[in-house]
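Below is one structure, written out as structure tokens; comments come after it.
Proteins get letters first, then strands, A, B, ... in listed order; numbering begins at 1 in each. Heavy atoms only: backbone and side chains are in, while hydrogens, waters and symmetry mates are out.
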Amino acid sequence: MLSFRLAARFLSSGRTQTLLIISGIAIAIAVQVFIGLLIGSLQRGLVDRTVGNAPQVTIEAELGVGATISQWQTVLDEVRQVDGVTTASPSAAGSAFVAAQDRQTPAQVRGLDLDEAEGIYGLRDAVYEGSVFKETGEVLVGRQMAEALQLEPGDTLRLLVPEQAPTDVTVAGLYDLRVAEINERWVVTGIATAQSVFALGDEITAIEVAVEDVFAADAVAENIGTRLGRADLSIGNWKERNQELLDGLEGQQISSLVIQGAIIASVVIAIASILAISVLQKRREIGILKAMGIKDRDASRIFLYQGFLIGLVGSIAGILLGLGLLYAFTSYLAREGDPLIAYEVDLQFLLLSWFIAVTASTLAGVIPARRSARLSPVEVINEG
Amino acid sequence: MKDNGRILELKGVDKVYTGTVDTQVLFDINLEFEAGSFNSIVGQSGSGKTTLLNIIGTLDRPTRGEVIIAGQTTSNLSKDELAVLRNRSIGFVFQFHYLLPEFTAMENVLIPYLIGHRRPSPEIIARAEELLDLAGIAQVRNNLARRMSGGQQQRVAIVRALINSPNIFLADEPTGNLDSESTVNIYRVFRDINEKLGTTFLIVTHNRVIAEQTDRIVEMKDGRIELDIRR
Ligand SMILES: Nc1ncnc2c1ncn2[C@@H]1O[C@H](COP(=O)(O)OP(=O)(O)O)[C@@H](O)[C@H]1O
Ligand SMILES: [Mg+2]
């Protein structure tokens, strides 16, 4: 208690010195927070664009295109039991040509269960004209395909599959999943429609899975494989399909952490050196306090508290400054016409940064605190 | 006078400063002080007065011999136990009367109390005010120590040494910075407290006039006791 008051008074009476060090810490933490939040947002944006509208794990028949999964109901039930799986949705899909208005274009017909697949694609929100399919024979068409074929809800189109009879279906609505390749190729429909287009009977071609933590998709895929124990199924995950992206992200993440670590290290060194000077400046005071009966432990705490207080105030100011910096930066980009970085303030990251900054600042006081504990009052008293 | 129990005892105390050359500055000091007595220590500069006072005050350990305070042999005590003993039983005024410059007079006075307590009680504040008044510095109680004159600082240091009602008051030339009138006043305060509270006083002084008013004069020379005069 007295140690804390002494620490606060030592800081407040050396006002210029204290303000300088706190400003220094604030600027450093601001940069650390800015970099951390920015890189984090960029990475989440990239990952989101890659896996946001796609299953993170896909279970298909080993035989390849058009092959079906035998006993798929059992498989589906098993997959849903695996830890980390949030959604498992059956899907019947295949390649076809779409013919409408005298034009033809290659397409993927994706038959899925709208409710089950909502957790993967978010289709309901993506429909911008018309409505989702409700009955067999109704389909959704993506924005680019609709533009190319001049389709509107209510129009009819014909699906052509080699060695199968053509199927006529009705456009129930238009979607936009914000990925051009999907919008121009996918004709999305119910499982029953797809099964009839490809003459699959009751069979499906894939089970699509969304997981809790997208970065754990490979581990979840492995668990699924172990649980199913079926050599006739292949279990893929988004990570193996996007190794280059992941390598890029990892490199970025490491350099971001190195920069942040270097900043925290410089904060610790700055505080430690300021406190090392302070412990010299306050030798007489510490000596007199010890003569009056303050214990070595409390004499050392004075400096830990000083580190703590500098870190506390400096990091709060730094976090606010960093948020301001990020805001200014993104508004500047927006004004320049660049696509807005969808930055979100990662509260967990902020709290962690704050905790690390305060802990590191407090620890910066350890060496000065030891020196303060070891100081013997006679040393000082004998000095004139 | 008051009870004549021994508050302080030194038995065969030697002090040797070790360094490139060892220098012995105290030689076989044997002294006893009665509780409630008012004593002075005199001697030339370099005769070992400050060293002796630091050893009595448990700030320094003797190379040989024992310091016994209120029946307690201090050589067995840990650093923390010594700190508690100093805080409760000993009041110091150093030759260079260090205050904490970033605190006010009142705050400086209360620090020894706050070492053992969370916050000052109304009683201790009243006591502090009374002592500041007695020392003639009530009007500067809220001034920062660094803004006070040398004499004022010295008086604050004296009040601070008395705030915890110590058994033993140790002062190393406590009136060195004061004019003769203030010196006389301060000694009157010391006497007053000595009589009212039975505090034992040990005062190192150069001032013969002051020394002659104490109950006992211990004179040191070259690390030994040259004279020990009681009245
Ligand atoms: N830390 C030390 N190391 C070596 N010698 C010291 C130390 N402190 C004091 N001395 C010596 O001890 C002797 C007594 O000093 P001191 O107790 O301060 O005398 P006084 O207070 O009577 O002037 C002096 O000769 C001084 O130089
Ligand atoms: Mg001296």
*Heavy-atom distances under 4.5 Å only: say whether D80(B) touches chain A with side chain, backbone, both or neither.*
both
*Tell me yes or no: between the side chains of Q260(A) and S256(A), is some donor less than 3.5 Å from an acceptor?*
yes
*Would you call K282(A) and E102(B) a salt bridge, taking side-chain N to carboxylate O under 4.0 Å as the test?*
yes
*Mind ranking T51(B), I90(B), I115(B), L144(B) by heavy-atom pairs under 4.5 Å with chain A and telling me who comes out on top?*
I115(B)
*Winner by heavy-atom pair count (cut-off under 4.5 Å) against chain A, out of V84(B), N164(B), T50(B), I111(B)*: I111(B)
*Quick one: what part of P101(B) sits under 4.5 Å from any heavy atom of chain A, side chain, backbone, both or neither?*
both
*So what's closer than 4.5 Å to chain B heavy atoms on I294(A): side chain, backbone, both or neither?*
both
*Count the heavy-atom pairs under 4.5 Å between each of H117(B), R86(B), R118(B), K79(B) and chain A, then report the option with the highest count.*
R86(B)
*Considering only heavy atoms and a distance below 4.5 Å, find which of R119(B), R88(B), E107(B) pairs most often with chain A.*
E107(B)
*asked:* Whether the side chain of T74(B) engages the backbone of V67(B) through a donor-acceptor N/O pair (distance < 3.5 Å, no angle test) should be reported.
replied: yes
*Just give me the residue among R9(A), M1(A), K295(A), E285(A) that pairs up with chain B most often, heavy atom to heavy atom, under 4.5 Å.*
R9(A)
*Do the rings of F94(B) and Y98(B) sit parallel, tilted or perpendicular, given the 30° and 60° boundaries?*
tilted
_Angle between ring planes, F303(A) versus F10(A), binned at 30° and 60°: parallel, tilted or perpendicular?_
tilted
*In terms of heavy-atom proximity below 4.5 Å to chain A, should R61(B) be classed as side chain, backbone, both, or neither?*
neither
_Salt bridge flag under 4.0 Å for residues D346(A) and R44(A)_ = yes
_Interatomic spacing from CG in L312(A) to CD1 in I22(A) - rounded to 0.5 Å_ = 9.0 Å
